Novice: 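The structure's right below; bear with me while I get my questions together.
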Amino acid sequence: MRGRFITIEGVEGVGKSTNIAFIQSILDGNGIPFLATREPGGTELGEGIRKLLLDKRQRGMTAVTELLLLFAARAQHVEQVIKPALAVGQWVICDRFTDSSYAYQGGGRELPIELITSLEKLAINDFRPDCTFILDMPVETGLSRAENIGEKDRFESEQTEFFNRVREVFITRAKEDKRFHIVDAAQDLEQVQAEIRDVLIPLMDGH
Ligand code: TYD
């Protein structure tokens with residue numbers, strides 16, 4: 001049976017890592033084989049592209065170049081890692097995916113959405129997750145939580161307004177498709193995880 005493809009999204013500092021670890025522990029507890037991966041990255045080529053994307057010295061990178069690099073990494077990731085894992089029945093838990101491109105490059109960088117839609121078709125033939133968690137909280141709260149975690153990369157160096165546009169796109173997209181689950185990440189962690197568990201359990205039926 002094909003595995004399920006789960007993605008976790010959100011603005012900086014919303015607690016993606018903690019909740020990804022939680023999702024992994026639920027799958028482990030239910031004996032479901034999975035692969036945890038991330039974007040940008042997930043392959044050797046993709047991790048190389050990630051370094052370029054996060055590098056603060058790449059100040060002159062245009063928004064279109066950024067988008068093309070993200071989709072180049074993604075095309076490789078989908079073919080080399082994600083699809084093969086799903087095909088042998090593994091679940092794939094991915095830290096960010098195409099929804100981040102809509103939010104960061106479409107919302108944050110204000111690139112035309114049609115550009116992203118076209119690339120999604122061209123690069124990955126509209127391959128999409130089965131289930132996407134959007135961890136949501138006010139941008140200021142997230143940014144202040146993320147603040148102490150070392151030197152800022154090229155994205156983290158953006159202003160609050162940029163992240164407000166990112167958040168807006170996540171929320172708008174989430175209303176358009178049932179695969180999305182918005183979780184209020186400002187609640188107690190216990191509550192956040194109870195909501196995540198309630199979504200995951202029915203997905204495991206028959207697995
Ligand atoms: P990530 O490692 O998830 O960073 P963080 O833990 O700080 O949220 O992702 C790296 C950065 O890449 C993040 O700032 C968002 C950005 N990004 C995009 O702008 N577009 C994309 O399509 C993806 C996948 C990530």
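As the structure lists them, so they are numbered: ligands from 1, and atoms in each ligand from 1. Small disclaimer: the values here were computed from a predicted structure and weren't measured.
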Novice: Give a yes or no on whether a salt bridge exists between R197 and E190, defined as a side-chain N under 4.0 angstrom from a carboxylate O.
Specialist: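 Salt bridge absent between R197 and E190.
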
Novice: Got a salt bridge between K83 and E79, using NZ or NE/NH1/NH2 to carboxylate O under 4.0 Å?
Specialist: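 A salt bridge links K83 with E79.
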
Novice: Can you list the residues that meet the side-chain hydrogen bond (donor to acceptor under 3.5 Å, both in side chains) rule with N125, with sequence neighbours excluded?
Specialist: K121

Novice: Is the CD atom of E176 crowded by more than 12 outside heavy atoms at less than 6.0 Å?
Specialist: yes

Novice: At a heavy-atom distance under 4.0 Å, which protein residues reach ligand 1? Sort them by chain and number, would you?
Specialist: E12, K16, E39, P40, R50, L54, L70, R74, D95, R96, S100, S101, Y104, Q105, F155, E156

Novice: Keeping the roles fixed (side chain from R74, backbone from G41), state whether a donor-acceptor pair exists under 3.5 Å.
Specialist: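 Answer holds: no.
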
Novice: Is R4 paired with D130 through a side-chain N to carboxylate O contact shorter than 4.0 Å?
Specialist: no

